[in-house]
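In what follows, chains are A, B, ... by sequence order, proteins preceding strands, each numbered from 1.
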There are 2 protein chains.
Amino acid sequence: MPDPTGKLGHDSGHAEEASFLQAYRSQEYPKPSVTVDLVIFTVIDSDLKVLLIKRGGHPYKDCWAVPGGFVKVGDGYDDQGESLEEAAERELVEETGIEVTKHEVYLEQLYTFGKPGRDPRMRVISVAYYALVRPGLAHVVQAGTDASEAEWVSVNEMGENLAFDHDNVVGTAIQRIRGKLDYSPIGFQLVPKTFTVAELRAVYEAVQGRNYDPGNFRRRFKRMQTDGIIEPAPGKRQTLTKPAKVYRFVMGGRFPGSSA
Amino acid sequence: MPDPTGKLGHDSGHAEEASFLQAYRSQEYPKPSVTVDLVIFTVIDSDLKVLLIKRGGHPYKDCWAVPGGFVKVGDGYDDQGESLEEAAERELVEETGIEVTKHEVYLEQLYTFGKPGRDPRMRVISVAYYALVRPGLAHVVQAGTDASEAEWVSVNEMGENLAFDHDNVVGTAIQRIRGKLDYSPIGFQLVPKTFTVAELRAVYEAVQGRNYDPGNFRRRFKRMQTDGIIEPAPGKRQTLTKPAKVYRFVMGGRFPGSSA
DNA sequence: TCAAAAGTGTTGTTCATACACCCATGG
DNA sequence: CCATGGGTGTATGAACAACACTTTTGA
């Protein structure tokens, strides 16, 4: 939208017209490469994990990094390529074999990282997304990856040695989901489609990195139920001791305070 | 970060790496244009306003749009150009004459819009920022704009007829500040450096589009004071009737719940 | 003196936290 | 029977909302 012509607009014969033409002939200006990076979360064994990929080539060879790829840009007027969201979904399928619509994966734009020098080869601007994958789907990962090593890494065991500025990217993503957990329904995206109170609580504890009082959490859970956010589901869950009721997330029910 | 070489990346020797990079630099893939758009807010007459610019050229000639410009990308290894943040700051100065550091303007990345076709001329990916400008500085705008019309437009009087997808951009920005107002100190960025309780309340009302109970808001105000977020400032503010005490924002005091 | 805005008090509701407690089941 | 975890009750305090109320000023 910002447009080159807009400000200088009146195409009279000013010195500004030069830059007008330059801007319009898009090839004159150098353009950055634009990629989409994906921070993919899941919860395994009550532990928040991120999908990392071991880099096979330079730079940062043998370092762990977050999966990502170039945004497909068309080459003309007719074809302007894919959207950022589509690029992110495509990347998710390529890396994990998981399809967003089919598996009801939550995918949201996180932040755009564009500091010069973050990729030593060239100017790269990277639009980061984060995805929340249900535990049951986590296994699919092995199949989707081509040759490169992929692994679920606990956010607690993760050092500060990721490739590029991916430490920052992952850190930002963690902050985001921690912040959103309390006032948006993202917690349900990290739990099986039917779940018990304790399972949801485990997710909350994994994300926030602290313990919740079981009784208080149950009350909070009940409030969500009366608000129509969750509802009982048929069946029970077998635990170590007493079997527990299972619930499911109600897609239509609006979360309190989530007008957006 | 996603990298081209990463996935394919079986490049063996270091010697090869240089030439590999050179080879890669040749633009095999088409790249998008990347711009920075700016949603600049201020509060005038207890009304939330956005700075819009009338477009002089096509497309969307004579439509109102949000200011924006291209991100400067270097053309080589040494120079990779300016960061997104720098581009946003530069754009702010160019359009309004306001300097971020000097005038303590709040500037934050909002969202990245990249749908194909949003600019009919070419593929444009636009990283949007929003800025919060104190009322006293709003006048500077007239000076900074070159030829093109610029105007503070009330968000309430704004239709759905902005250029490109700028309706969406502005709408997203409004949502953002509405959401952040309650749990972050952004409200102080829309008020003079010293302010009264009523002035801050007016800002809150302008942003949220609803009225706050003066008594209750005062209590909330006091709580911020005991929390060390704001402190009394010397002087008084002359109002229509009874003069009011003025306060100032304490830069160091951390906002409750704003760990990030 | 009167309107308007500054400033205070009171009450009720909701929600988070802490913590004590009962109940059912598998070992 | 007994430990574990499912499930319930109660008390406290913080914060918000609604609303009545007093005080201070300029016109």
Side-chain angles (χ1 to χ4, degrees), chain A residues 45-46 178-185 187 191-192 194-233 235-247 255-259, chain B residues 45-46 178-179 181-185 187 191 194-230 232-233 235-247 254-259:
Chain A
D45 297 336
S46 300
R178 283 198 180 145
K180 287 197 77 165
L181 191 64
D182 289 326
Y183 63 92
S184 85
V191 112
T194 68
F195 51 89
T196 67
V197 181
E199 283 169 348
L200 187 66
R201 178 162 53 89
V203 164
Y204 273 60
E205 290 177 343
V207 170
Q208 300 290 19
R210 70 181 184 93
N211 291 333
Y212 285 80
D213 182 281
N216 294 334
F217 192 87
R218 173 172 300 279
R219 240 183 303 278
R220 192 171 165 179
F221 194 95
K222 271 189 178 168
R223 228 175 290 131
M224 297 189 209
Q225 198 180 336
T226 62
D227 290 351
I229 296 160
I230 53 187
E231 64 183 10
K236 296 178 184 178
R237 181 70 35 99
Q238 204 63 7
T239 70
L240 291 173
T241 62
K242 182 182 183 178
K245 288 176 195 159
V246 292
Y247 300 83
F255 215 81
S258 84
S259 55
Chain B
D45 297 335
S46 301
R178 282 197 180 145
L181 191 64
D182 289 327
Y183 63 92
S184 84
V191 111
T194 67
F195 52 90
T196 67
V197 180
E199 283 170 348
L200 188 66
R201 177 162 53 90
V203 164
Y204 273 60
E205 290 177 344
V207 170
Q208 301 291 19
R210 70 181 185 92
N211 290 335
Y212 285 80
D213 182 280
N216 294 333
F217 191 86
R218 172 172 301 278
R219 242 182 301 276
R220 191 170 165 180
F221 195 95
K222 273 188 180 169
R223 228 174 291 132
M224 296 188 209
Q225 199 179 336
T226 62
D227 289 352
I229 296 160
I230 52 186
K236 296 177 183 176
R237 181 68 35 98
Q238 204 63 7
T239 70
L240 290 171
T241 61
K242 181 181 182 177
K245 287 177 197 160
V246 292
Y247 300 82
R254 64 185 45 136
F255 216 81
S258 85
S259 56

* Structure fact -> Looking only at C/dG26, C/dA6, C/dA18, the nucleotide nearest the A/Q238 side chain is C/dG26
* Any side-chain heavy-atom pair from B/R220 and B/D182 closer than 4.5 angstrom? -> yes
* Please walk me through it: do A/R219 and A/K222 pass side chain to side chain contact (heavy atoms under 4.5 Å, CB included)? -> CA-CA 5 Å; A/R219 240 183 303 278; A/K222 271 189 178 168; 5.6 Å; no
* To do: Considering only heavy atoms of chain B and a distance under 4.0 Å, specify the first and last nucleotide of DNA chain D in 5' to 3' order that meet this criterion.
  => D/dA15 to D/dG26
* To the nearest 0.5 Å, tell me how far B/D213 CG sits from B/R201 CZ. => 8.0 Å
* Asked: What is the distance, rounded to the nearest whole Å, between atom CG of B/D213 and atom P of C/dG9?
  -> 15 Å
* Asked: Is B/R237 touching bases, backbone alone, or none of the nucleic acid, heavy atoms closer than 4.0 Å?
  -> nothing
* side chain to side chain donor-acceptor pair (under 3.5 Å) involving B/R178 - partner list, sequence neighbours excluded -> none
* Asked: Checking side-chain contact (heavy atoms from CB on, under 4.5 Å) against A/Y247, which of A/Q225, A/M224, A/E231 comes through?
  -> A/Q225
* B/K236 NZ - C/dA6 P separation (whole Å) -> 14 Å
* Qualifying residues under side chain to side chain donor-acceptor pair (under 3.5 Å), relative to A/R237, sequence neighbours excluded -> A/T194, A/E199
* Structure fact -> Sorted by chain and number, sequence neighbours left out, ring pair (Phe, Tyr, Trp, His ring centres under 6.0 Å) with B/F217 holds for B/Y204, B/Y212
* Given C/dT8, is OP1 or OP2 found less than 4.0 Å from the side-chain N or O atoms of B/K222? -> yes
* **Residues which pass side chain to side chain donor-acceptor pair (under 3.5 Å) with B/Q208, listed by chain and number, not counting sequence neighbours** => none
* Where each residue is assigned the nucleotide of DNA chain D containing its nearest heavy atom, which of B/Y212 and A/K245 is assigned the position nearer the 5′ end? -> A/K245
Using atom names, set out every protein N or O paired with an N or O of nucleotides 10-16 of chain C below 3.5 Å, distance rounded to 0.1 Å.
from   : atom 1 : to     : atom 2 : distance (Å)
C/dT10 : O4     : B/R219 : NH2    : 3.4
C/dA16 : OP2    : A/R223 : NH1    : 2.5
C/dA16 : OP2    : A/R223 : NH2    : 3.1

* Identify whether any heavy atom of A/P243 sits under 4.0 Å from a base atom; if not, whether one sits that close to sugar-phosphate; answer base, sugar-phosphate or nothing. => sugar-phosphate
